[in-house]
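Please read the structure below before turning to the comments.
By convention in this document, chain letters (A, B, ...) are assigned in the order of the sequence lines, proteins followed by strands, and residues within each chain are numbered from 1. This structure is a prediction, so every number in the text was calculated from the model and none was measured.
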Number of protein chains: 2
Amino acid sequence: MDRSGGRARHSGDLIAILSGRNRARNLHSDVLWDLGFAIVSGQYPEGSILPPDTELLERFRVSRTVLREALKTLAAKGLIEARARIGTRVLPRNRWNLFDSDVLAWHFELGPEVSFLQSLAEVRIGIEIEAAALAAERRSDDQAVGLLATIELMAKAKTPEDFARHDLDFHKTVADASGNPFMASISALVEMALTAAFTISSPVNEPEALTQTVAVHRAIADAILARDAIAAREAMRVAIAEGFARAAGRMEAANS
Amino acid sequence: MDRSGGRARHSGDLIAILSGRNRARNLHSDVLWDLGFAIVSGQYPEGSILPPDTELLERFRVSRTVLREALKTLAAKGLIEARARIGTRVLPRNRWNLFDSDVLAWHFELGPEVSFLQSLAEVRIGIEIEAAALAAERRSDDQAVGLLATIELMAKAKTPEDFARHDLDFHKTVADASGNPFMASISALVEMALTAAFTISSPVNEPEALTQTVAVHRAIADAILARDAIAAREAMRVAIAEGFARAAGRMEAANS
DNA sequence: GCGCTTATATTGTCATACTTATTCGACTGT
DNA sequence: ACAGTCGAATAAGTATGACAATATAAGCGC
């Protein structure tokens, strides 16, 4: 059984670094991640029954308490449902809470597929466009200053990690400025998307791409500064679409 | 201690009926709902430490196992974080998974506020507009037929429950047709929004409103049928905005 | 007054026993 | 043969008590 070291399957390291909230403090999260990843990766397909308590206990060599807490956590994220005498069933995908950061992370651990990145970009466009528009209407002056400052940091970033961190900061500030709690709640999504994209190719390594990315973000900030909701929408759409296009293009190239 | 009957605080009954997945089968979900509601309602503010295990054990008169599973579930939804010697801290709101159906339900149990309904409408607009546009591009013929059939059922609905059910069905089908798993994953959100809106005022009780609502949904379906993404976007926006406006208007009237 | 150690409180983990719910199949009566 | 009832078997749910790990804070020696 791969304890402790078995977590960095794909781009897990960068994800862990960026997300800050470091994993693996306690035993039960080990079990949780193993099972969660196994389910998301299709090792236990939707609708299937996973092994009974006794067998899993044997496999992970942990106490019943730990195992059951891991299962309860999975249940809370909508991945499984336990029923007496039947066992623990893997729920259909549309019941999974895809906006959960753990569930998202498990998806990325099996290697980002283009189709998944595209789905991610599509929801981001939907949500963040509205966030940008609302931010244009509701931003405070402090938030406006913050946006400009973050852009400066992006432009001066030297490492992919720094760039990603400030990029994420920018989007978080926009979500915050929208005054809508739901918008702020999806930063996990943005985080994963950015991390995935930068794992594939960071603008920092391509001068023209960097200039371009910074320019697009400045356009968003300018629109929000000017309280121009329409322009903010459009600029945000461009920013997300371009980010996805660059990553997708790079993946295509790598596969040929 | 209010076991079993203590759940229907506000519009809980309708919510329970609509959501289908009935609550309250086991002990631990009782504790879960009590604590979850207490946190969301601000009884334990963000950043505060909730009582230690021993005290909660006393209060709920359950075993440690049950209590800890409830806490783990709350942690999985991003509401709390436990650390040894420190205690169990309520996380800041932006860490909460607002897209979780339980967390949403707890918000509604304390009475839907206009501002919360508005935030809900804003995200729905963001996401469902994109879903409608994508559905227009990707729908299968079967899905198109399904949309039309659902509209017929909406038009003929006699009770608020029936109407809400078919309305929800419609939005679910659109999300499905978008081919984006994230879109399908937010049906919990739509469910709550619709339930809340209909709890306040159902179109079934107002003939003109019913005609209007059905017409707007037919416009969405027509646009998707015609593979017209632009029109689908706009029609969806109107549908959500109108639904929110009706509920908000009714609440204003009730408060004056 | 400073740094190290130790006490203490709180969550984390373990092991085991018992309870409850649900299914399946055997049994019984018609 | 058939339908309904009852009971055994199985898996999750609950309970309990003990011990381990961890992080704060108090105390101690220097």
- prompt: Do you know which two heavy atoms are closest between B/Asn180 and A/Ser119, and how far apart they sit?
  reply: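 Reported closest heavy-atom pair: ND2-O, 3.0 Å.
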- prompt: Should B/Lys172 and B/Glu128 be marked as a salt bridge (Lys or Arg N to Asp or Glu O under 4.0 Å) after you check the CA-CA gap, both sets of side-chain angles, and the distance that decides it?
  reply: CA-CA 10 Å; B/Lys172 270 185 178 160; B/Glu128 294 201 71; over 6 Å; no
To the nearest angstrom, how far is [X] atom [atom1] from [N] atom [atom2]?
X	N	atom1	atom2	answer
A/Leu71	D/dG13	CG	C1'	13 Å
B/Leu57	C/dG12	CG	P	13 Å
B/Leu67	D/dA15	CG	P	11 Å
B/Leu50	C/dT11	CG	C1'	12 Å
B/Asp53	C/dG12	CG	C1'	10 Å
A/Glu69	C/dC14	CD	P	10 Å
A/Leu27	C/dG12	CG	P	12 Å
A/Arg61	C/dT13	CZ	P	17 Å

message: Assess the residue pair A/Leu35 and A/Leu71 against the criterion (side chain to side chain contact (heavy atoms under 4.5 Å, CB included)); give the C-alpha distance rounded to whole Å, side-chain angles, the decisive distance to 0.1 Å, and a yes or no.
response: CA-CA 8 Å; A/Leu35 285 175; A/Leu71 290 174; 4.0 Å; yes
message: Among A/Thr173, A/Asp167, A/Asp169, exactly one meets side-chain hydrogen bond (donor to acceptor under 3.5 Å, both in side chains) together with A/His171. Which residue is that?
response: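 Considering A/Thr173, A/Asp167, A/Asp169, a side-chain hydrogen bond (donor to acceptor under 3.5 Å, both in side chains) with A/His171 is found only for A/Asp167.
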message: Taking the nucleotide of DNA chain D with the nearest heavy atom to each, does A/Thr65 or A/Arg68 sit closer to the 5' end?
response: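 The residue whose closest nucleotide sits nearer the 5' end is A/Arg68.
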- prompt: If only atom types and distance count, is the side chain of B/Lys77 paired as donor or acceptor with the main-chain N or O of A/Ala76 below 3.5 Å?
  reply: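 Side chain of B/Lys77 to backbone of A/Ala76, a donor-acceptor pair under 3.5 Å: yes, one is there.
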query: D/dA12 phosphate, OP1 or OP2: any side-chain N/O from A/Arg83 under 4.0 angstrom?
result: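 For D/dA12, neither OP1 nor OP2 has a side-chain N or O of A/Arg83 closer than 4.0 Å.
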D/dA11 phosphate, OP1 or OP2, under 4.0 Å from A/Thr88 side-chain N/O: no
List every contact pair, protein side and nucleotides 18-21 of chain D side both N or O, where the distance is under 3.5 Å.
unit_1 : atom_1 : unit_2  : atom_2 : d
D/dA18 : N6     : B/Arg64 : NH1    : 3.4

query: Angle class for the A/Phe182/B/Phe116 ring planes (parallel below 30°, perpendicular above 60°, tilted otherwise)?
result: tilted
- request: Please tell me which of the listed nucleotides, C/dT11, D/dT16, C/dG12, lies nearest to the side chain of B/Ser63?
  value: D/dT16
message: Which nucleotide wins on minimum distance to the side chain of A/Pro52, given the candidates D/dA12, C/dT10, D/dA15?
response: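 Of the candidates, D/dA12 comes closest.
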- request: Let me see the working for B/Arg138 and A/Glu122 under salt bridge (Lys or Arg N to Asp or Glu O under 4.0 Å), right down to the final yes or no.
  value: CA-CA 14 Å; B/Arg138 300 174 184 167; A/Glu122 286 166 1; 2.6 Å; yes
